[in-house]
Amino acid sequence: DGGITQSPKYLFRKEGQNVTLSCEQNLNHDAMYWYRQDPGQGLRLIYYSQIVNDFQKGDIAEGYSVSREKKESFPLTVTSAQKNPTAFYLCASSMPVGGYTFGSGTRLTVV
Amino acid sequence: QQQVKQSPQSLIVQKGGISIINCAYENTAFDYFPWYQQFPGKGPALLIAIRPDVSEKKEGRFTISFNKSAKQFSLHIMDSQPGDSATYFCAASMGNSGYALNFGKGTSLLVTP
C-alpha cells in the first residue's frame, strides 16, 4: 500500500539535544511538508520541499532543519535552538495539484 | 498572520443534526480549498475539496459551500453521526506544489447520541 510513514511515533528529547524525525513516502509525490500541531493552534508550516535538494522555510522554521536528498525522504531535525519543541509533528506529501496525504505523526516531548 | 480563519472552535451537535463549520480567507489568489478530518492521535485525512469555479460540491453527507465574493467557504455535515466526532480543518492554497496549504485553527466536533 502507498502512503507516508513517520517514525518514531513517540520521541523524548532531553534539554539541549538534537533529534531527527523520519518521514518516508512511496507515493511518488514531488512535494513534501512538515507541520507542527499544538492544541488550539491548528497546523503551522515548518518547512516544505518541491523537489530533491531544494526546500523552503515555512512560518515557524527557527530551530528546525531539513534535508531532501531523496524524493522519498524528508527528515526533520529539531535542534537545541528550538526552545519549545513539545508538539505533534506531521509530515505530508502531495502531487503538483491536489490534496495532501499525511503521515500518522510523531509526538515529541521534552523531558 | 492567520491567512485562513475558522469558526467555531468547538461544536456540539445531536445525532441526525447538521454540523456547519465556516472559514474565511483574505488572499484572492487562493484557488484550492480542501477540508481535512482528524481523529485523535492520527494525521488529518482529506475529506472534500473545492475550486472557486463552482459554488457547491457534495460528497455523500458532506457539502462544501463556496462564496467567492465574500471570500468564505463552509462545510456542512448532514445527518451527523457520532463517528463524525473529530477535528476538522479548512485550508487554502494557490493550488500547485509551489505553495503550501494554509490551515485554519480547527474545529472540534462532538456528535452526541
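What you see is a predicted model; the values in this text were computed from it and never measured. Letters go in sequence order (proteins before strands), and every chain restarts at 1.
- Chain A is approached within less than 4.5 Å, heavy atom to heavy atom, by B:G104, B:K105 from residues 104-113 of chain B, ordered by number.
- Contact tally against chain B (heavy-atom pairs below 4.5 Å) for A:T101, A:D59, A:L43, A:I51: the top residue is A:L43.
- In this structure, A:E62 places its CD atom where only 12 or fewer heavy-atom neighbours from other residues, nucleotides or ligands lie under 6.0 Å away.
- Ring centroids of A:Y33 and A:F102 are separated by 6.0 Å or more, keeping the two rings apart.
- The aromatic rings of A:Y47 and A:F55 sit perpendicular to each other, their planes meeting at more than 60°, with 30° as the lower class boundary.
- Interface remark: A:L90 contributes side-chain atoms only to the contact with chain B (heavy atom separation under 4.5 Å).
- If you measure heavy-atom distances from B:P34 to chain A, you find no contacts under 4.5 Å at all.
- With B:W35 as the fixed residue, the ring-ring contact (aromatic ring centres under 6.0 Å, His included) test singles out one of B:F66, B:Y88, B:F73: B:F73.
- Atom CD of A:E15 is surrounded by 12 or fewer heavy atoms from other residues, nucleotides or ligands within 6.0 Å.
- Centroid-to-centroid, the aromatic rings of B:Y36 and B:F103 come within less than 6.0 Å.
- Hydrophobic clustering of Ile, Leu, Val, Met, Phe, Trp and Tyr side chains at less than 4.5 Å, counting indirect connections, unites B:V54 with B:M94.
- If you check the side chains of A:R36 and A:Y64, you find a donor sitting under 3.5 Å from an acceptor.
- Using a 4.5 Å cut-off between heavy atoms, A:Q6 does not touch chain B at all.
- With a 4.5 angstrom heavy-atom cutoff, B:Q6 does not touch chain A via any of its atoms.
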